[in-house]
J.: 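Once you've had a glance at the structure underneath, I'll fire off some questions.
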Amino acid sequence: MLDSFDRQATHADMLAMTEKLIAEYAGRIPAGTVIACVARSREHLLRTGVRHGLVPATEASTHLRLAARVPSHAVA
């Protein structure tokens, strides 16, 4: 189980990662969609038991979800 400090660190890291993804997909995917994908990815990983490395695993999963939503003609 994560202690209070680990939860705060994970929360801050998750926020920073979400902001980074919003900036990365700006102009191609709405921020709300990015946030929803992050939330879905995180919840899926938590349900499957992922605790350590949650932020990088969430980022990787979210990238996959978002890549499926980016129009093929969009400029990276």
Side-chain angles (χ1 to χ4, degrees):
M1 179 75 64
L2 294 175
D3 64 20
S4 178
F5 179 76
D6 288 341
R7 285 185 187 156
Q8 289 175 346
T10 300
H11 180 73
D13 293 343
M14 193 69 70
L15 285 174
M17 180 267 298
T18 301
E19 290 173 356
K20 182 179 95 170
L21 289 173
I22 289 170
E24 184 177 334
Y25 287 93
R28 296 182 289 160
I29 297 178
T33 301
V34 174
I35 293 167
C37 285
V38 169
R40 280 189 212 100
S41 294
R42 179 182 172 275
E43 289 304 314
H44 173 76
L45 290 164
L46 287 172
R47 276 195 313 273
T48 60
V50 174
R51 296 294 185 268
H52 296 286
L54 180 61
V55 174
T58 301
E59 183 174 6
S61 177
T62 302
H63 269 293
L64 291 173
R65 289 174 188 266
L66 293 173
R69 292 178 172 266
V70 174
S72 60
H73 63 277
V75 177

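In what follows, residues are counted from 1 in the order of the sequence shown.
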J.: Rounded to the nearest 0.5 Å, what's the gap from CG on L45 to CZ on R51? Could you check?
T.: 10.0 Å
J.: Distance from E43 atom CD to T48 atom OG1, nearest 0.5 Å?
T.: 10.5 Å
J.: Side chain to side chain contact (heavy atoms under 4.5 Å, CB included) with Y25: which of V70, T62, T33?
T.: V70
J.: Just by distance, no angles: are the side chains of S41 and R65 close enough, under 3.5 Å, to form a donor-acceptor pair?
T.: yes
J.: Using modelled atom types and a 3.5 Å cut-off, is there a donor and acceptor pairing between side-chain atoms of S61 and backbone atoms of T58?
T.: no
J.: Rounded to the nearest 0.5 Å, how far apart are CE of M14 and CE of M17?
T.: 4.5 Å
J.: Just to verify, what does I35 make a side chain to side chain contact (heavy atoms under 4.5 Å, CB included) with, not counting sequence neighbours?
T.: T18, I22
J.: Are V38 and V50 connected, step by step, through hydrophobic side chains (Ile, Leu, Val, Met, Phe, Trp, Tyr) whose heavy atoms are closer than 4.5 Å?
T.: yes
J.: When you compare the side chain of L21 with that of H63, does any pair of heavy atoms fall below 4.5 Å?
T.: yes
